[in-house]
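For the numbers below, each heavy atom of this structure counts, side chains included, while hydrogens, waters and symmetry mates do not. Just so it is clear, the model here is predicted, and its values are computed rather than measured.
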Amino acid sequence: MRKITPFCGLLLLAFQLVGQAQESAPGALPRTAAPENATTYFLSPANGATVTSPFTIRFGLRGMGVAPAGVTNPNTGHHHLLIDVAALPPDNLPIPNDANHRHFGLGQTETELTLPPGQHTLQLVLGDALHIPHQPPVRSEKITITVTQ
Ligand SMILES: [Cu+2]
C-alpha cells in the first residue's frame, strides 16, 4: 500500500493531463523521444520456454536507461509488462494499469510472476515519466511461454 500510493498520484496526474490535452487538442499529447536504436527484450524466460509458477522475468534494455516513473531525464523510462494482451494499447496515452498491464514504476528490472497453467504471451513496453510509450515506441517482441503446474 505504502509503495502504491505515490504511483497512484502520478497516474492520477497523468490522467488529468490527458484530460486537459484532450480538451484542448485531441490526440496532441506530447511524446517523449527515444533513440531510434533503443530496444527492450526479455533476458528470461526465453521465447517458447516452459516454466513453473512462480517464475522470474528479467527485463533487458539497450540504448536507454531505466528511471522510476515521474523522472524526466532524457533517454530513460520504466518497464511495463503486458501479459496476454492481444492488441497493444495506444501509443499516445498512458499505458493502462491492470492485471494484464503491469507497471514497474520504481525502476524494477525483474519481477516474479504466478500465472495459471497454459500458454501465455508476454511483451515489454517502455513508458516515460507519465507512463506513455516513447516516440518511437520501445517494445520487445511478444514471446509465448507455457506454464506447467
Ligand atoms: Cu508506468
Side-chain angles (χ1 to χ4, degrees), residues 1-22 24-51 53-115 120-145 147:
M1 203 53 162
R2 204 157 28 97
K3 283 183 179 173
I4 288 170
T5 307
F7 170 71
C8 288
L10 282 173
L11 203 62
L12 200 61
L13 176 67
F15 285 131
Q16 283 167 351
L17 289 172
V18 170
Q20 286 166 7
Q22 283 176 341
S24 55
L29 202 62
R31 304 269 303 276
T32 301
E36 285 288 340
N37 62 347
T39 185
T40 183
Y41 54 97
F42 290 96
L43 288 163
S44 67
N47 192 12
T50 297
V51 300
S53 287
F55 59 98
T56 301
I57 302 178
R58 294 191 170 86
F59 317 142
L61 179 62
R62 196 175 297 132
M64 293 182 73
V66 174
V71 171
T72 56
N73 291 352
N75 299 331
T76 66
H78 65 278
H79 287 289
H80 301 81
L81 177 62
L82 310 189
I83 304 166
D84 297 328
V85 171
L88 285 166
D91 283 335
N92 61 345
L93 293 173
I95 296 163
N97 185 20
D98 57 35
N100 297 98
H101 304 77
R102 310 275 183 97
H103 290 241
F104 296 90
L106 300 177
Q108 303 97 312
T109 56
E110 64 174 55
T111 192
E112 194 165 86
L113 208 59
T114 296
L115 291 175
H120 298 278
T121 65
L122 303 172
Q123 188 169 19
L124 291 168
V125 183
L126 206 67
D128 68 8
L130 295 178
H131 317 276
I132 301 167
H134 292 77
Q135 178 76 273
V138 180
R139 289 191 284 255
S140 74
E141 64 167 337
K142 185 191 277 192
I143 67 169
T144 301
I145 59 164
V147 177

Exercise for the section: Given side-chain contact (heavy atoms from CB on, under 4.5 Å), test T144 with H120 step by step and report yes or no. Expected result: CA-CA 6 Å; T144 301; H120 298 278; over 6 Å; no
Handout entry: side chain to side chain contact (heavy atoms under 4.5 Å, CB included) partner of D91, chosen from H134, Q135, R139
Key = R139
To the nearest 0.5 angstrom, please state how far the [atom1] atom of [X] sits from the [atom2] atom of [Y].
X	Y	atom1	atom2	answer
L126	L61	CG	CG	5.5 Å
T121	I143	OG1	CD1	9.0 Å
N100	H80	CG	NE2	14.0 Å
L130	T72	CG	OG1	9.0 Å

Handout entry: Sequence-distant partners of D98, side chain to side chain donor-acceptor pair (under 3.5 Å), two or more places apart
Key =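 Here the qualifying residues are H101.
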Exercise for the section: For F59, enumerate each residue passing the ring-ring contact (aromatic ring centres under 6.0 Å, His included) test, keeping only those at least two apart in sequence or located in another chain. Expected result: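 ring-ring contact (aromatic ring centres under 6.0 Å, His included) check on F59 returns H79, F104.
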Handout entry: side-chain contact (heavy atoms from CB on, under 4.5 Å) evaluation trace for T111 with F55
Key = CA-CA 8 Å; T111 192; F55 59 98; over 6 Å; no
Between [X] and [Y], what is the shortest heavy-atom contact and its length?
X	Y	result
P94	I132	N-CG1, 3.6 Å
A129	V71	CB-O, 3.3 Å
P136	A34	CD-O, 3.4 Å
S140	Q123	O-NE2, 3.0 Å
A99	I83	O-CD1, 3.9 Å
P35	G63	CG-O, 3.5 Å

Exercise for the section: Name the orientation class of the two ring planes belonging to H78 and H103 (parallel below 30°, tilted from 30 to 60°, perpendicular beyond 60°). Expected result: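 Tilted: the ring planes of H78 and H103 meet at 30° to 60°.
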Exercise for the section: Find out whether L122 and L82 are in side-chain contact, i.e. whether some heavy atom of one side chain is under 4.5 Å from a heavy atom of the other. Expected result: no
Completion exercise
side chain to side chain donor-acceptor pair (under 3.5 Å) pairs touching residues 29-44, sequence neighbours excluded, are T32-D128
Exercise for the section: Applying side-chain contact (heavy atoms from CB on, under 4.5 Å), run through R58 and T109 and close with a yes or a no. Expected result: CA-CA 6 Å; R58 294 191 170 86; T109 56; over 6 Å; no
Handout entry: K142 side chain to L124 backbone, donor-acceptor under 3.5 Å
Key = no
